[in-house]
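A quick write-up on the structure given underneath.
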Amino acid sequence: MSAVAAKPAALDVARLRADFPVLAQRINGKPLAYLDNGASSQRPHAVIEAERHYASEMHANVHRGVHTLSQRATDAFEAARERVRRFLNARSTREIVFTRGTTESINLVAQSFVRPRARPGDEILITHLEHHANIVPWQMACAATGAMLKVAPIDRRGEVDMEAFRSLLSARTLLVATAHVSNALGTVLPVREIVALAHARGVPVLLDGAQAVPHFALDLQALDCDFYAFSGHKLYGPDGIGVLYGRESLLEAMPPWQGGGDMILAVSFSGPTYNQLPFKFEAGTPHISGAVGLAAAIDYVDGVGLERIAAWEQELLGYATARLGAVDGLTIIGTARDKASLVSFVVEGVHPHDLGTILDQEGIAIRTGHHCAMPAIEFFGVPATARASFAFYNTREEIDRLATAVAAARAMFR
Ligand code: PMP
């Protein structure tokens, strides 16, 4: 492909914004500038309509009934699984487990992969920039087994020290678990290198993809990681639904982690016979409408085109970095060379929470706090940051409003 052909066509942002009913609102009398997409992104009509259509015409319980509605619901649910498989380029739907979200996906691996295997002195290797969802499940598994948590350090840019990472991989490493993209700093981690280093020592790798999946296309067969976790609500889909991708040979060897309906083939009082993959890990009635909505979200995102999304978001990131960077007293926290479209920052003399409240009065939604990544934020010597996180439906004008309002807040507290 020539360089010219490879450059994706620009997005028609104004037209795409019309697909998102929430964005048309006024908040506190001002047009909403929704810059909290890292926490949860908004849903297009297509997703809302897919859930409505499912609820009004197809709903019944899945995998159980012989009646028509139950079969329709089962078909829709399993079609959603196939849609996720195709999106991730996983080998088989047996590798796609529906969960409540990234957090539950990681807990599944902690409970079902780590706990049965870990011996005292074994190690789980993470990094200093992880979300709590990729720290606490391992701490709990370590407390239960005597395994130890090892943490690869980061530098002042918010990049992982890969030399240190390499030296922390040991004969006792049971699993490497890192973010694909940091939610607090925006850092895109060198996941190919991480997978290659770990696999060279025979160590499986879990990637927390919560902040990656909305921003760039994935090919899990090429990436070759062993587990990958993400949430629907950050991908323009419903909340309460997420995915754990797992390499089939690993999932096959793992015991179920929750017992109940659907995860069994047969039960007698002498014991259960477990169902095949992926149902072995889906006890109880799943979030059927959520899966249908997630598939619609994936269709929508693919329709827009992740390459075009990535290109526009990188423009927004560059623009926001320049505009915010020019505000007196503002320091950007997280300056990795490879970043996704979010900017964490602190403003001298203005507490992030006050800033968040002032911006809300202007109709601008950002996140303030530790972003569930306390070790990463504390590393930079601050108690909290303000974070603006951009989706493809955001505009330069919204970033102008953000920068102007932040500068006004700074002037107010001087
Ligand atoms: N990991 C990362 C990097 C995240 O950004 C988040 C959400 N903030 C999570 C995990 C947890 O996702 P969820 O709350 O959807 O389970």
Side-chain angles (χ1 to χ4, degrees), residues 34-43 47 84 97-111 124 126-140 151-152 154 158-160 176-191 194 205-216 218 225 227-245 257 286-287 290-291 293-294 297 313 333-334 336 338-344 365-377 379 384-391:
Y34 188 75
L35 306 178
D36 194 16
N37 297 286
S40 217
S41 53
Q42 299 298 344
R43 290 172 221 181
V47 169
V84 171
V97 179
F98 281 122
T99 64
R100 283 194 298 125
T102 308
T103 303
E104 189 172 84
S105 297
I106 296 173
N107 275 277
L108 191 166
V109 176
Q111 293 290 330
I124 313 290
I126 64 170
T127 81
H128 202 115
L129 54 62
E130 303 304 325
H131 187 281
H132 298 163
N134 199 31
I135 302 174
V136 182
W138 313 123
Q139 289 175 323
M140 292 164 70
V151 183
I154 54 175
E159 292 181 3
V160 177
V176 165
T178 79
H180 191 166
V181 172
S182 154
N183 69 308
L185 309 172
T187 313
V188 179
L189 280 77
V191 286
I194 287 171
V205 177
L206 174 142
L207 296 176
D208 167 357
Q211 297 292 338
V213 163
H215 301 300
F216 36 79
L218 276 177
C225 62
F227 298 104
Y228 199 94
F230 72 92
S231 304
H233 68 97
K234 296 182 199 283
L235 185 63
Y236 312 101
D239 43 40
I241 186 80
V243 170
L244 173 70
Y245 158 83
W257 74 310
H287 188 2
L294 175 59
E313 288 180 348
I333 305 290
D338 194 3
K339 267 184 80 169
S341 57
L342 71 84
V343 182
S344 249
I366 61 157
R367 179 129 308 226
T368 58
H370 53 61
H371 316 295
C372 295
M374 287 177 87
I377 295 298
F379 173 80
T385 74
R387 183 190 73 183
S389 50
F390 311 111

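Numbering of ligands and ligand atoms starts at 1, following listing order.
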So what's ligand 1 close to, N/O to N/O, under 3.5 Å?
residue, atom, partner, partner atom, Å
ligand 1, 1 (N), Asp208, OD1, 3.2
ligand 1, 1 (N), Asp208, OD2, 2.6
ligand 1, 5 (O), Gln211, NE2, 2.6
ligand 1, 8 (N), His131, NE2, 3.2
ligand 1, 8 (N), Lys234, NZ, 2.8
ligand 1, 15 (O), Ser231, OG, 2.7
ligand 1, 15 (O), His233, NE2, 2.7
ligand 1, 16 (O), Thr102, N, 3.4
ligand 1, 16 (O), Thr103, N, 2.9
ligand 1, 16 (O), Thr103, OG1, 2.6

Item to complete: Check His287 against Ile241 and note the closest heavy-atom contact, atom names and distance.
Response: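 So the minimum-distance heavy-atom pair works out to O-CD1, 3.8 Å.
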Worksheet item: Any donor-acceptor pair under 3.5 Å linking the side chain of Asn134 with the backbone of Ala177?
Response: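 It does hold such a pair.
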Practice prompt. Can you label the angle between the His132 ring and the His370 ring as parallel, tilted or perpendicular, going by 30° and 60°?
Written response: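 Plane angle between 30° and 60°, so tilted.
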Worksheet entry | Listed partners of Glu104 passing salt bridge (charged side-chain N to carboxylate O under 4.0 Å, His left out), at least two apart |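 With sequence neighbours excluded, Glu104 shows a salt bridge (charged side-chain N to carboxylate O under 4.0 Å, His left out) to Arg100, given in chain and number order.
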Worksheet item: Under a 4.5 Å cut-off applied to non-hydrogen side-chain atoms, are Ile135 and Pro375 in contact?
Response: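 Yes. Closest side-chain heavy atoms under 4.5 Å.
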Discussion item. Just so I know, are the side chains of Asn183 and Arg387 near enough to count as touching, which here means a heavy-atom distance under 4.5 Å?
Written reply: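 With C-beta onward as the side chain, the pair touches.
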